Amino acid sequence: MLRMCLAVALLATAAPFWAGAQAAEDAAGAAPDAVLHPAGVWWMYPDKGICVVQAELEDGRVLQLLHQDGFAVAVGESGDRKLPRGRRGDIITDQGSFLFTPLYENPGYVISQYMFTDAQMGLLRSTRTLQVRVDGEVLADAAFAEGDGFPGVIDDVAACAAGRPGWWTKAAAP
């Protein structure tokens with residue numbers, strides 16, 4: 001089950017194809033401000049060209065959906081905890097599964113190395129459960145409930161990365 005997470009984005013540790021996030025963070029001097037989804041589960045980290053939406057899992061890990069010219073999934077550990085490493089990643093849903101190549105930028109963060117295909121995205125949009133496994137070990141286990149914002153956050157993170165406004169857009173101060 002997902003619950004709220006007020007955490008610093010793991011943008012700086014993302015894979016090289018997400019390198020724009022590091023440049024944006026360096027230029028701004030800080031990670032983008034997080035905006036809470038109206039359902040209270042997902043936090044969006046909007047930035048120019050790359051956006052991350054994340055939720056904390058019950059075991060304290062975070063599940064991230066990232067978009068920068070494509071879509072990827074990541075799992076992170078807080079603090080100095082390490083994630084198990086492996087070579088074969090699996091995304092397993094109640095509707096099917098697909099493989100991904102895990103990429104580790106630091107011991108507590110794994111991201112899918114390549115962008116997901118349209119078929120893989122369709123599978124994610126239709127699921128109510130999601131597991132991320134590496135070499136058979138479960139790194140993330142999420143069950144989505146009615147009204148928690150999923151699967152809409154999939155399209156939201158893409159819209160955010162494209163610069164379109166939405167719930168993640170902070171209103172200008174009067």
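Small disclaimer: the values here were computed from a predicted structure and weren't measured. This chain uses plain numbering: 1 for the first residue, then up along the sequence.
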Measure the spacing between [atom1] of [X] and [atom2] of [Y] and express it to the nearest 0.5 Å.
X	Y	atom1	atom2	result
Arg85	Asp135	CZ	CG	12.0 Å
Thr101	Arg87	OG1	CZ	11.5 Å
Tyr104	Asn106	OH	CG	11.5 Å
Leu66	Phe71	CG	CZ	7.5 Å
Asp47	Cys160	CG	SG	8.0 Å
Arg125	Thr93	CZ	OG1	13.5 Å

Which heavy atom in [X] sits nearest to a heavy atom in [Y], and how many Å separate them?
X	Y	answer
Ile154	Leu65	CG1-CD1, 4.2 Å
Gly70	Met115	CA-SD, 3.2 Å
Trp42	Gly149	NE1-C, 4.2 Å
Val157	His67	O-CB, 3.7 Å
Phe100	Ile91	CD2-CG1, 3.7 Å
Gln54	Val62	NE2-CG1, 4.0 Å

Original post:
Do Leu63 and Ile92 belong to the same hydrophobic cluster, where Ile, Leu, Val, Met, Phe, Trp and Tyr are linked whenever their side-chain heavy atoms lie under 4.5 Å apart, directly or via other members?
Top reply: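 Different clusters.
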**OP:** For Gln64 and Ile111, run side chain to side chain contact (heavy atoms under 4.5 Å, CB included): C-alpha distance rounded to whole Å, both residues' side-chain angles, the deciding distance at 0.1 Å, then the answer.
**Re:** CA-CA 9 Å; Gln64 293 184 331; Ile111 187 170; over 6 Å; no
**OP:** Would you please test Phe150 and Arg128 for side chain to side chain contact (heavy atoms under 4.5 Å, CB included) and show each step?
**Re:** CA-CA 8 Å; Phe150 191 87; Arg128 297 314 296 160; 4.3 Å; yes
**OP:** Start with the C-alpha gap between Leu99 and Asp90, add the side-chain angles, then the distance that decides, and say whether side chain to side chain contact (heavy atoms under 4.5 Å, CB included) holds.
**Re:** CA-CA 5 Å; Leu99 300 176; Asp90 293 290; 2.7 Å; yes
Original post:
Can you check whether Pro46 reaches Thr169 side chain to side chain, under 4.5 Å on heavy atoms?
Top reply: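 A side-chain contact under 4.5 Å is absent here.
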Original post:
Distance only, no hydrogens: is a donor on one side chain within 3.5 Å (strictly under) of an acceptor on the other, for Asp156 and Trp168?
Top reply: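 Note: Asp156 and Trp168 side chains miss the donor-acceptor criterion.
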**OP:** Let me see the working for Val132 and Val138 under side chain to side chain contact (heavy atoms under 4.5 Å, CB included), right down to the final yes or no.
**Re:** CA-CA 6 Å; Val132 178; Val138 176; over 6 Å; no
**OP:** Can you label the angle between the Phe116 ring and the Phe98 ring as parallel, tilted or perpendicular, going by 30° and 60°?
**Re:**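 Perpendicular, since the angle between the ring planes exceeds 60°.
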